[in-house]
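To start, the structure under review is shown below, and the notes come after it.
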Amino acid sequence: MADIQRTLVLIKPDAVQRELVGEIVTRFERKGLKTIGMKMAHLDEATLTEHYGHLKDKPFFGDLKKFMMQTPVIALVLEGFDIIEVVRVIVGATNPRAADAGTIRSDLSMNVPSNIIHASDSLESAGHEIKRFFADNELFAYDKLTDKFHFGEGV
Ligand code: IDP
Ligand code: MG
């Protein structure tokens, strides 16, 4: 039996500027992923230094943080079976020009750092990232009529 997991998604400033927020949320909804947290937030440098800590020695680290502070971002927590891998597949490769056709990054973008979207890459980072952006009382447990198709036997 697959595991029900949670993952963190950030819709980045290029997507906010280009009015792609609805398109991205729609793709997740149509796949059957349950949104259990959603907010707009202006990220500060300290948060980004932590969030992108694995890239701190890269020459583009400063530009990446500047890019991520251009506008507020939309933060989502999604829940579903194997969702960390499922969302990474839907998001596509880091370089949008190398991403598989049909993925969000391939369909909607052409560049880094402006590749539209962030998604947690492992169970461990999802745990840290959800805590970084959401308090416990900003996450919601609720039943949806469609849960039986996405989480149950479907009958
Ligand atoms: P990911 O977002 O696919 O997990 P990471 O390697 O964690 O990829 O990089 C985080 C973000 O840093 C990327 O999504 C992209 O916005 C930016 N980035 C990655 N590589 C480059 C680069 O070579 N130049 C500029 N920005 C980059
Ligand atoms: Mg990453």
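Read the numbers this way: they start at 1 and go in the same order the structure lists the ligands and their atoms. Positions are given from 1 along the sequence. Computed over heavy atoms, backbone and side chain alike; hydrogens, waters and symmetry mates excluded.
Remark: Glu85 pairs with no residue by the salt bridge (charged side-chain N to carboxylate O under 4.0 Å, His left out) rule, at least two apart or across chains. Checked against salt bridge (charged side-chain N to carboxylate O under 4.0 Å, His left out), Arg132 has the following partners two or more places apart in sequence or in another chain: Glu50. Contacts of Asp82 classified as salt bridge (charged side-chain N to carboxylate O under 4.0 Å, His left out), with partners at least two apart in sequence or in another chain: none.
By the 30° and 60° cut-offs, the orientation of the rings of Phe133 relative to His51 is perpendicular.
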Before you tell me yes or no, could you show the steps for Lys12 and Ser114 under side chain to side chain donor-acceptor pair (under 3.5 Å), namely the whole-Å CA-CA distance, both residues' side-chain angles and the distance that decides it to 0.1 Å?
CA-CA 8 Å; Lys12 295 181 177 182; Ser114 45; over 6 Å; no
Report the C-alpha distance between Leu76 and Ile24 in whole Å, list the side-chain angles of each, state the deciding distance to 0.1 Å, and finish with yes or no for side chain to side chain contact (heavy atoms under 4.5 Å, CB included).
CA-CA 11 Å; Leu76 306 172; Ile24 293 163; 5.6 Å; no
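Every protein residue with a heavy atom nearer than 4.0 Å to ligand 1 is included here: Lys12, Tyr52, His54, Leu55, Phe60, Leu64, Arg88, Thr94, Arg105, Val112, Pro113, Asn115.
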